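To start, the structure under review is shown below, and the notes come after it.
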Amino acid sequence: MRVILDPQSCQAYGNCLLTAPDVFDLDEETGVAIILQERPPAELHAAVEEAVRSCPVQALTLED
Ligand code: SF4
């Protein structure tokens, strides 16, 4: 699994970091999400999938 963020779409709602705080954070300067683990370990996949679904602006996508 690879997590991809479109920083231009991110509106800093924060849903992703609330759902998967080990994988996402918010850059306080730019106000845009940052990905802490681009290839998260298997035990985090369910949380990451939930985080991707929770993004209101579809700024997150997953690749195999
Ligand atoms: S949920 Fe989407 S819009 Fe909100 S911070 Fe995460 S990537 Fe950005």
Side-chain angles (χ1 to χ4, degrees):
M1 172 189 277
R2 180 168 169 240
V3 189
I4 299 163
L5 166 73
D6 174 4
Q8 265 143 17
S9 297
C10 176
Q11 300 294 319
Y13 287 101
N15 304 25
C16 57
L17 38 143
L18 291 174
T19 308
D22 291 333
V23 178
F24 302 100
D25 202 354
L26 206 58
D27 187 317
E28 287 176 13
E29 279 182 27
T30 63
V32 168
I34 47 176
I35 294 177
L36 304 174
Q37 302 188 68
E38 193 178 333
R39 291 190 180 277
E43 63 266 28
L44 295 178
H45 285 188
V48 171
E49 286 167 0
E50 177 65 30
V52 170
R53 279 195 296 271
S54 76
C55 178
V57 292
Q58 284 87 47
L60 298 169
T61 51
L62 296 176
E63 262 183 16
D64 285 340

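What you see is a predicted model; the values in this text were computed from it and never measured. Every heavy atom of this structure was used, including side-chain atoms; hydrogens, water molecules and symmetry mates were not. Just follow the structure's listing: the first ligand is 1, and inside any ligand the first atom is 1.
- Distance CD/E38 to CZ/R2: 4.5 Å, rounded to 0.5 Å.
- When each atom of ligand 1 is checked for a heavy atom of Y13 under 4.0 Å away, the hits are 3 (S), 4 (Fe), 5 (S).
- Under 4.0 Å from ligand 1, heavy atoms of C55 appear from its side chain as well as its backbone.
- Nearest non-hydrogen protein atom to atom 3 (S) of ligand 1 is Q11 N, 3.3 Å.
- Between atom SG of residue C10 and atom CG of residue L26 there is a gap of 6.5 Å, rounded to the nearest 0.5 Å.
- Proximity to C10 (heavy-atom distance under 4.0 Å) selects the following atoms of ligand 1: 3 (S), 5 (S), 7 (S), 8 (Fe).
- The side chain of V57, and not its backbone, has at least one atom closer than 4.0 Å to an atom of ligand 1 (non-hydrogen atoms only; side chain from C-beta on).
- F24 pairs in a side-chain contact (heavy atoms from CB on, under 4.5 Å) with only one of the listed residues (T19, L60, L18, I34), which is L60.
- Atom 5 (S) of ligand 1 has G14 N, 3.3 Å as its closest protein atom, hydrogens excluded (heavy atom only).
- In terms of heavy atoms, S9 sits closest to V57 at O-CG2, 3.2 Å.
- Residue V23 comes nearest to L44 through the heavy atom pair CG2-CD1, 3.8 Å, listed as atom of the first residue, atom of the second, then distance.
- If you look at L60 next to ligand 1, the close heavy atoms, those under 4.0 Å, all belong to the side chain.
- Within ligand 1, the atoms closer than 4.0 Å to a non-hydrogen atom of C16 are 1 (S), 5 (S), 6 (Fe), 7 (S), numbered from 1 in the order shown.
- Taking every non-hydrogen atom of A12 and a distance limit under 4.0 Å, the qualifying atoms of ligand 1 come out as 3 (S), 4 (Fe), 5 (S), 8 (Fe).
- Closest approach of L62 to V48, counting heavy atoms only: CD2-CG1, 3.8 Å.
- Close approach to N15 involves these atoms of ligand 1, each under 4.0 Å from a residue heavy atom: 1 (S).
- Side-chain atoms of N15 and P56, non-hydrogen and from C-beta on, do get closer than 4.5 Å to each other.
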